[in-house]
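Here the structure is laid out as structure tokens; the discussion comes afterwards.
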Number of protein chains: 2
Amino acid sequence: MSSRDIARAAVRARLAEVAFGMFRSAGFDNVTVNDLAAAAGVSRSTFLRHFGTKEEAVLGAFDLQFEQIAALLRERPASEDDWTALRRALDTMIAPHRTDPENALATARLVEETPALCAHQLHKQNTWRPALATALAARSGQSVTMAHEVRAGAALACLNIALGHWTRSNGERDLDELLNEGFHALM
Amino acid sequence: MSSRDIARAAVRARLAEVAFGMFRSAGFDNVTVNDLAAAAGVSRSTFLRHFGTKEEAVLGAFDLQFEQIAALLRERPASEDDWTALRRALDTMIAPHRTDPENALATARLVEETPALCAHQLHKQNTWRPALATALAARSGQSVTMAHEVRAGAALACLNIALGHWTRSNGERDLDELLNEGFHALM
DNA sequence: TCATGTTTGACACTCAGTCTCACTTTGGGA
DNA sequence: TCCCAAAGTGAGACTGAGTGTCAAACATGA
């Protein structure tokens with residue numbers, strides 16, 4: 001990672017933070033890219049060059065999480081069945097909800113109540129699903145089957161549902177238990 | 001259903017058909033709403049009044065299918081386990097792929113290769129999932145639990161994955177069998 | 001026939017996203 | 001240290017989606 005990449009990532013992080021703050025207080029649809037750029041002290045061009053779309057300013061961070069999940073999945077022991085491996089790998093995804101529930105709750109709410117964000121998020125998951133299936137198969141040296149992909153998809157659906165319940169409980173219910181309850185319907 | 005509603009539905013169907021034809025031959029992103037309106041002989045305003053968004057011209061029909069699935073699900077006998085009931089209900093969804101594979105294949109391809117359509121489709125499924133869970137619970141007089149919702153979500157993921165395989169096989173593989181294979185990883 | 005509600009087309013407007021061009025900054029090699 | 005090539009930035013023009021308003025045409029049911 002060159003120093004340029006570091007600088008670029010720092011700018012990106014700052015822009016995302018400013019954007020999240022404005023979306024959180026005014027609502028995604030009531031903030032324009034011009035507003036975001038002005039608030040962050042950059043031009044409209046620069047903002048869009050960093051994120052491509054308004055949605056990516058919120059959802060861009062999730063790509064890293066998916067890579068982490070895939071990596072963790074690959075490291076789960078082959079003796080573990082797929083459901084258990086998936087359940088464990090998702091612990092990474094819900095770590096932020098434990099360490100910074102305030103922020104995680106605001107993000108989850110924003111995504112859930114904004115159709116454009118929700119749709120993009122689901123599409124992102126759909127894009128990552130094959131990679132999860134590959135990781136699931138690779139950890140036990142198997143080749144990818146439809147079963148791997150179905151289990152990966154089911155686990156993601158489970159995550160979304162558990163997160164939805166968690167959000168609607170204002171973060172009061174335990175996300176770990178909600179996930180366990182969800183996986184219980186699958187295992 | 002008044003005569004006005006009938007006329008309205010007829011116009012909608014015709015507009016959707018024209019739109020699908022153009023999307024199919026030129027690609028979703030290469031056709032503007034102006035193009036669609038001109039080809040259908042209506043104004044841009046009228047086209048957008050009927051569908052709201054370009055995407056809905058393609059995906060609008062799926063709402064009916066989801067209602068059908070929910071209705072069928074409610075009618076499955078309480079003696080059937082949830083997975084079997086879901087699997088049977090999905091037969092409705094894949095009926096068109098049997099009766100008119102040509103058209104179904106083109107639609108599936110269009111949705112899959114167009115990110116905007118894919119995202120909207122997934123969001124639609126996400127919106128309908130609670131209704132499926134309710135139907136699943138109602139058929140055996142239970143109240144809705146997270147398990148119902150998780151199973152509904154998993155079934156939808158399974159449908160998407162099976163459809164993806166079917167599309168990539170150019171409609172040559174049997175969608176019924178693909179669905180069975182997918183559900184096998186869950187049941 | 002008439003009053004009412006619906007559909008339509010025209011048009012103006014906002015905003016997202018793409019593209020191009022010129023300018024500035026920066027990193028790394030000579 | 002100097003220099004150059006590459007990367008980042010800002011300005012601005014442009015396309016196209018989606019919203020809202022208005023007046024005219026239309027169909028429906030009394």
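Heavy-atom basis, side chains included; hydrogens, waters and symmetry copies ignored. Lettering of chains follows the sequences in order, A, B, ..., and the numbering in each one begins at 1.
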| message | At a heavy-atom distance below 4.0 Å, which nucleotide of DNA chain C is the first touched by chain A, and which is the last? | response | C:dC15 to C:dG27
| field | Summary of protein contacts for nucleotides 11-25 of chain D, nucleotide by nucleotide, where a base hit scores B, a sugar-phosphate-only hit scores S (4.0 Å, heavy atoms) | value | BB---SBBB------
| Quick check: does any side chain N or O of B:Arg88 sit under 3.5 Å from a backbone N or O of B:Leu72, one acting as donor and the other as acceptor? | no
| field | Sequence neighbours excluded - side chain to side chain donor-acceptor pair (under 3.5 Å) pairs with any residue from residues 6-24 of chain B | value | none
| task | Under the ring pair (Phe, Tyr, Trp, His ring centres under 6.0 Å) rule, collect the residues that match up with B:Phe51, sequence neighbours excluded. | result | B:Phe47
| With A:Gln142, which residues qualify under side-chain hydrogen bond (donor to acceptor under 3.5 Å, both in side chains), at least two apart? | A:Ser140, A:His148
| Taking the inter-plane angle between the rings of A:Phe66 and A:Trp128 on a 0 to 90° scale, is it parallel (under 30°), tilted (30 to 60°) or perpendicular (over 60°)? | parallel
| said: Going by salt bridge (Lys or Arg N to Asp or Glu O under 4.0 Å), name the pairs with one or both residues in residues 144-165 of chain A, residues two or more places apart or in two chains. | reply: A:Asp82-A:Arg151, A:Arg129-A:Glu149
| message | Give me the stems containing DNA chain D, sorted by first residue, counting only three or more consecutive Watson-Crick or G-U pairs with both distances under 3.5 Å; say none if there aren't any. | response | C:1-30 with D:1-30
| Tell me, which of residues 7-14 of chain A have any heavy atom that sits under 4.0 Å from an atom in DNA chain D? | A:Arg8
| query | Are A:Arg173 and A:Glu181 ion-paired here, with the side-chain N under 4.0 Å from a carboxylate O? | reply | yes
Tabulated below should be each protein N or O lying under 3.5 Å from an N or O of nucleotides 26-30 of chain D; please produce it.
unit_1 : atom_1 : unit_2 : atom_2 : d
D:dA27 : N3     : B:Arg4 : NH2    : 3.1
D:dT28 : OP1    : B:Ser3 : OG     : 3.1

| message | So, using salt bridge (Lys or Arg N to Asp or Glu O under 4.0 Å) as the criterion, who are the partners of B:Glu55 when residues are at least two apart? | response | none
| note | Sorted by chain and number, sequence neighbours left out, salt bridge (Lys or Arg N to Asp or Glu O under 4.0 Å) with B:Asp35 holds for none
| request: Measure from the side-chain N and O atoms of B:Arg139 to the backbone N and O of B:Pro77, and report whether any donor-acceptor pair falls under 3.5 Å. | output: yes
| With sequence neighbours left out, which residue pairs that include part of residues 109-124 of chain A fulfil the side chain to side chain donor-acceptor pair (under 3.5 Å) condition? | A:Glu56-A:Lys124, A:Asp63-A:Lys124, A:Arg109-A:Asn170, A:Glu112-A:Arg168
| Shortest non-hydrogen contact between A:Leu90 and A:Ala155, atoms and distance | CD1-O, 3.9 Å
| remark: For B:Cys118 and A:Asn126 the tightest heavy-atom approach is SG-ND2, 3.8 Å
| Under 3.5 Å donor-acceptor, A:Lys54 side chain and A:Val31 backbone | yes
| A:His50 side chain N/O closer than 4.0 Å to the phosphate oxygens (OP1, OP2) of D:dG8? | no
| task | Please examine the side chains of A:Asp176 and A:Asp91, heavy atoms only from C-beta on, and report whether any two atoms are closer than 4.5 Å. | result | yes
